[in-house]
Amino acid sequence: MTSCEGVMGAYWVVDVRRPGEEQRLDLHVADGRVTEVVDHQEARPGRVIDADGRWLIPGLFDGHVHATQYAIDRSRIGLVGVSSAAEAVEVVAAALDRPGQDGGARRAAARDGVPVVGARFRDGLWPDVPTTRLLDERFGDLPVIMVSGDLHCGWANRAGWSMLGITEPPEGVLREKLWMDALGRIPQPRSGSTDELLDTALREAAGRGLVGLRDFEFADNLSSWERRRAAGGIGIRVQAGIIAEYLAAGNARGLRTGDVLAGTDGLVTMGPLKVLIDGSLNTRTAYCHTPYPDGDHYGELVVDHDSLVAQMQLARQHGLEIAVHAIGDRANTIALDCFEETGIRGRIEHAQLVLPADLPRFAQLGVTASMQPWHAIDDWEIAGHYWGRTAAINFGFASLAAAGATIEFGSDAPVAPLDPWGWIAAAVDREPIIGRPWHAEEQVSVRQAIAWSALGRAEVRAGDPGDFALLDQDPYALSAKELTAIEVHATAVAGRWVHGPDAE
């Protein structure tokens, strides 16, 4: 391929195909935008990049990421697939006992005040209970902290709880606000090393066709992304969300949703105000109309109707879109009620369990359903166990689409992998991934899944931003299993190549 030197000048990408089509096309890019998509011809003036018949799709966008947590998570001890509290303990112990630098370094760091952290456990179906005592017996005064896969609960030994400022350790896990506050007190790597970890992760994601993300980290995201861009990290698009605490502290700087942050090459914009109103399925705190089978409880409502209305009015005053975390069906009903009462438009993050009567309200109220299909892979067994009696719809992609809703996809990383082809495959056909059918009626086409992963763009057209990817296979011709391994040849953001032979 002839290099375009990573600049935003004009060039042609020639001999591309749209998925499902054999027609050869040429793409002209200038000043960061697609200016023409025309029939292929052998000779084009100026810089030319020959795509050799590869398939052209819009760049993929992750609608829901916790960026700093994702970066840090990569250095923690993974507990994915662990099937009991006892096994989780042994996995962490094995990591500490591993010969060589890894295990010894973790132990030495723990003695210097950096806890041993296990990450991404899911205890919803465990036969035993994660307890402080269990960790105490195995690790003694070595501080050990376990972070759940959904980030909504955690457990530790006494030394770990003490490090988190918990003076009266619970017998078992800590959930929701108490845990979220504690999670923020886990000693973190310095910002520079975290940024390096994140940059590496984002370069890998760009290698999967990702051109941007919406960051919902509970932090000063504007300052974080300004720092990262100033340091010259990978140039993908970022919508930086904000939470009420930072809004009250003036961190929004008068920016409205969509405004560009100065000094970020036009790539970082102000995102929505994020409000979390219920918990999650694994932690059994998603707020539901039907009680959970393990007790007479319905989950946890973190923010009630009146408080959510107040947050929506605050968002409107500041010119911000609002993004409401709602997983359980009752939380979704409350969120939609508040959207209807205030008249504000915005997003519901997750919309994992929705009553049939609430489906058309998304379109009627102009509320985007921001969903994470890979959760259907992680949660299908636990959803069957805890939500098997409900009349609400799990992961209602097809039902919401049929009701006219606007849908966007994402990962919720680190809760799920930051890999768009994983979530696209999960939305298209879960059976090859989990080994059995599960709510096949809610599966969607590859074209729909790509469009909902690209801010509504199913194909690249003239006038679009210069955000696109070249694929080595036609995604429309692949099975779900094959989609997870699709080869991305190159990725461009605003006309600059961030992955592939011409990447900077």
Side-chain angles (χ1 to χ4, degrees), residues 63-64 122-125 148-150 152 277-294 297-301 324-336 347-363 367-412 415-416 422-445 448-449 452-453 480:
H64 191 121
R122 295 177 179 273
D123 66 321
L125 298 177
S148 68
D150 56 19
H152 284 253
I277 71 166
D278 76 336
S280 70
L281 169 57
N282 174 75
T283 302
R284 284 82 77 198
T285 47
Y287 195 50
C288 300
H289 288 284
T290 304
Y292 285 80
D294 59 345
H297 73 98
Y298 295 81
E300 183 173 335
L301 188 65
V324 180
H325 164 116
I327 290 182
D329 54 358
R330 196 169 182 180
N332 276 278
T333 297
I334 291 169
L336 291 165
R347 325 166 48 80
I348 291 182
E349 300 298 324
H350 309 304
Q352 191 165 327
L353 189 69
V354 179
L355 288 178
D358 281 335
L359 294 172
R361 300 179 72 196
F362 282 82
V367 176
T368 297
S370 174
M371 308 178 77
Q372 298 76 42
W374 192 260
H375 290 348
I377 305 301
D378 288 331
D379 286 351
W380 72 272
E381 289 183 284
I382 192 170
H385 180 77
Y386 288 104
W387 288 347
R389 296 182 296 161
T390 181
I393 296 172
N394 276 283
F395 300 102
F397 311 135
S399 293
L400 279 162
T406 297
I407 300 172
E408 290 183 9
F409 281 164
S411 67
D412 200 14
V415 180
W423 79 60
I424 287 170
V428 169
D429 186 4
R430 288 178 279 278
E431 184 174 357
I433 303 173
I434 65 176
R436 55 163 289 178
W438 192 70
H439 289 292
E441 73 280 1
E442 295 299 340
Q443 295 172 177
V444 299
S445 70
Q448 286 174 306
W452 297 342
S453 305

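Being a predicted model, the structure only gives us computed values, none of them experimental.
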S.K.: Apply salt bridge (Lys or Arg N to Asp or Glu O under 4.0 Å) to Asp378 and list each qualifying residue two or more places apart in sequence or on a separate chain.
M.R.: Arg122

S.K.: Less than 3.5 Å apart, any donor N or O on the side chain of Glu349 or His64 sitting next to an acceptor on the other?
M.R.: yes

S.K.: Find out whether Asp329 and Asp358 are in side-chain contact, i.e. whether some heavy atom of one side chain is under 4.5 Å from a heavy atom of the other.
M.R.: no

S.K.: Do we see a donor-acceptor contact under 3.5 Å between the side chains of Asn282 and Ser280?
M.R.: no

S.K.: For a 4.5 angstrom cut-off between non-hydrogen side-chain atoms, does Met371 reach Ile407?
M.R.: yes

S.K.: Any non-hydrogen side-chain atom of Glu381 less than 4.5 Å from a side-chain atom of Leu125?
M.R.: yes

S.K.: Using only atom types and a distance under 3.5 Å, with no angle test, would you say the side chain of His375 pairs donor to acceptor with the backbone of Trp380?
M.R.: no

S.K.: Please answer whether the main-chain N or O of Gly410 pairs with a side-chain N or O of Gln372 as donor and acceptor at a distance below 3.5 Å.
M.R.: no

S.K.: Check step by step if side-chain contact (heavy atoms from CB on, under 4.5 Å) holds for Cys288 and Trp387.
M.R.: CA-CA 9 Å; Cys288 300; Trp387 288 347; 3.4 Å; yes

S.K.: Would Asn332 and Gln352 count as having a side-chain donor-acceptor pair, cut-off 3.5 Å?
M.R.: no

S.K.: With side chains defined as the heavy atoms from C-beta onward, is the minimum distance between Ile393 and Pro356 less than 4.5 Å?
M.R.: yes

S.K.: Quiz question: by atom type and distance under 3.5 Å, do the side chains of Glu442 and Ser399 form a donor-acceptor pair?
M.R.: yes

S.K.: May I ask you to check whether Arg389 and Thr290 show a side-chain donor-acceptor distance below 3.5 Å?
M.R.: no

S.K.: Side chain to side chain contact (heavy atoms under 4.5 Å, CB included) with Thr406: which residues, sequence neighbours excluded?
M.R.: Thr368

S.K.: If you define the side chain from C-beta out and look only at heavy atoms, does anything of Tyr287 sit under 4.5 Å from Ile327?
M.R.: no

S.K.: Would you say the side chains of Trp423 and Ser453 form a donor-acceptor pair under 3.5 Å?
M.R.: yes

S.K.: Which residues pass the ring-ring contact (aromatic ring centres under 6.0 Å, His included) test with Phe397, not counting sequence neighbours?
M.R.: Phe409

S.K.: Kindly determine whether Glu300 and Asp278 satisfy side-chain contact (heavy atoms from CB on, under 4.5 Å), including the steps that lead there.
M.R.: CA-CA 6 Å; Glu300 183 173 335; Asp278 76 336; over 6 Å; no

S.K.: Look at Arg347 together with Glu408 and state whether they make a salt bridge at an N to O cut-off of under 4.0 Å.
M.R.: yes

S.K.: Under 4.0 Å between a Lys/Arg side-chain N and an Asp/Glu carboxylate O for Asp150 and Arg284?
M.R.: no

